[in-house]
Amino acid sequence: LSYRSAVQHTLDGDSTFTNTPAGPLGAAFADGGAKADLTTPDVVSLGLYQKLTDKWAVVADVSWTNWSRFNELRVRFDAPGRTDSVTVEDWDDAWFAALGAIYQLDESWTLRAGVAFDQSPVPEATRTPRIPDQDRTWIALGAGYKINDALRVDGAYTHIFVKDAALNLADNLTGPDRFRGNLSGAYDSQIDIVSLQVRYAF
């Protein structure tokens, strides 16, 4: 059982604008410094390992992430008269659950397989093109080879099925997103991960 606390970050950089209007209106888009505060969420995780036989073992993991603390992304500009850029997020808390099996083929080879469900914290109402996230399902296969008592090689392949994400942002001319216009779209995503690890004990 583990707990990772929230971490507060301050992102500091520069903002530049091109093709800005001339005259007083252009002053609202003056180049200058910019800052944004971001707090990454706290996470509670529980992991289990159970050996069934000399060759078989099962593993499981469940995690809860406190994403509901992420309500908005606000960028503050140093330029006088430049209003904050605010993106409403209103994320939800999210769960991750995984189940896997380990098979000890012989003294050298270890085989692994697992599945996982990764809940997206992004609600459709506030999904943006910056993070067009959706629920994901993981399928993973792996193998490890013990060369000798000191050297071991592990490899794995993971495919992540990402649920299609719809984007429907409507400008109701109120709130921090007013005058940004409407934006609709759809995202079709999938992810492949290949990993290789070499361990040497001394």
Side-chain angles (χ1 to χ4, degrees), residues 3-45 63-96 116-138 157-196:
Y3 172 76
R4 187 183 68 196
S5 69
V7 180
Q8 294 181 348
H9 305 270
T10 297
L11 312 178
D12 193 353
D14 298 313
S15 63
T16 58
F17 301 90
T18 59
N19 299 321
T20 57
L25 188 59
F29 299 94
D31 296 344
K35 291 183 179 180
D37 293 326
L38 176 66
T39 301
T40 52
D42 39 337
V43 183
V44 180
S45 300
S63 299
W64 173 83
T65 305
N66 187 16
W67 274 119
S68 59
R69 65 168 60 245
F70 187 37
N71 296 316
E72 67 176 22
L73 179 61
R74 179 180 294 271
V75 180
R76 306 184 307 277
F77 299 96
D78 294 342
R82 181 78 171 100
T83 58
D84 295 350
S85 172
V86 182
T87 303
V88 176
E89 303 292 352
D90 285 337
W91 283 17
D92 301 320
D93 296 339
W95 289 89
F96 174 88
F117 174 73
D118 193 1
Q119 184 184 31
S120 171
V122 182
E124 183 172 347
T126 59
R127 184 180 293 123
T128 69
R130 182 182 285 115
I131 307 178
D133 197 36
Q134 251 291 20
D135 296 341
R136 297 169 293 276
T137 301
W138 301 50
Y157 167 73
T158 301
H159 183 79
I160 304 177
F161 300 89
V162 184
K163 189 177 178 181
D164 292 347
L167 186 66
N168 294 295
L169 297 178
D171 186 355
N172 59 9
L173 302 181
T174 62
D177 291 329
R178 62 186 179 275
F179 307 127
R180 291 188 178 179
N182 302 325
L183 181 62
S184 298
Y187 293 83
D188 181 9
S189 308
Q190 55 183 333
I191 303 168
D192 293 290
I193 302 172
V194 178
S195 60
L196 180 66

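- For the atom pair L38 CG and L11 CG, the distance stands at 6.0 Å (nearest 0.5 Å).
- A 4.5 Å side-chain heavy-atom check between P132 and L167 finds every atom pair outside the cut-off.
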| query | Please walk me through it: do E89 and I131 pass side-chain contact (heavy atoms from CB on, under 4.5 Å)? | reply | CA-CA 10 Å; E89 303 292 352; I131 307 178; 5.7 Å; no
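- Here the CG atom belonging to L169 is positioned 7.0 Å from the OG1 atom belonging to T128, to the nearest 0.5 angstrom.
- At distances below 3.5 Å, at least one donor-acceptor pair connects side-chain atoms of S15 with backbone N or O atoms of G32.
- Looking at W91 and V122, their side chains come closer than 4.5 Å, going by heavy atoms from C-beta outward.
- For the residue pair D31 / T16, no side-chain donor-acceptor distance below 3.5 Å is found, with atom types taken as modelled.
- Between Q119 and D92, the closest side-chain pair of non-hydrogen atoms is not below 4.5 Å.
- Residues V43 and S45 form a side-chain contact, since some pair of their non-hydrogen atoms from C-beta on lies under 4.5 Å apart.
- Contact check for D37 versus R74: no side-chain heavy atoms found under the 4.5 Å cut-off.
- Counting only heavy atoms from C-beta outward, the side chains of T65 and P121 never approach each other to under 4.5 Å.
- Atom-to-atom distance recorded for D84:CG and R76:CZ is 7.0 Å, nearest 0.5 angstrom.
- Classification of the F161-H159 ring pair by plane angle, with boundaries at 30° and 60°, yields perpendicular.
- Between the side chains of N66 and S68, a donor-acceptor pair is found at a separation under 3.5 Å.
- Distance NZ/K163 to CG/D133: 12.0 Å, rounded to 0.5 Å.
- In this structure, the separation between CG on D42 and CH2 on W67 is 10.5 Å, given to the nearest 0.5 Å.
- Side-chain atoms of R136 come within 3.5 Å of backbone N or O of Q134 as a donor-acceptor pair.
- Atom CZ of R4 has 12 or fewer neighbouring heavy atoms from other residues, nucleotides or ligands inside a 6.0 Å radius.
- Classified by interplanar angle (parallel below 30°, tilted 30° to 60°, perpendicular above 60°), the ring pair F96/W138 is perpendicular.
- Taking CG of N168 as the start and CD of E124 as the end, the distance is 6.0 Å to the nearest 0.5 Å.
- K35 and D78 are not joined by a salt bridge, as no carboxylate oxygen comes within less than 4.0 angstrom of a charged side-chain nitrogen.
- Distance alone, capped at 3.5 Å, is enough to place a donor-acceptor pair between the T40 side chain and the V7 backbone.
- Closest heavy-atom contact between A34 and V75: CB-CG1, 4.0 Å.
- Minimum interatomic distance between P129 and L183 (heavy atoms only, all atoms of both residues): CG-CD2, 3.7 Å.
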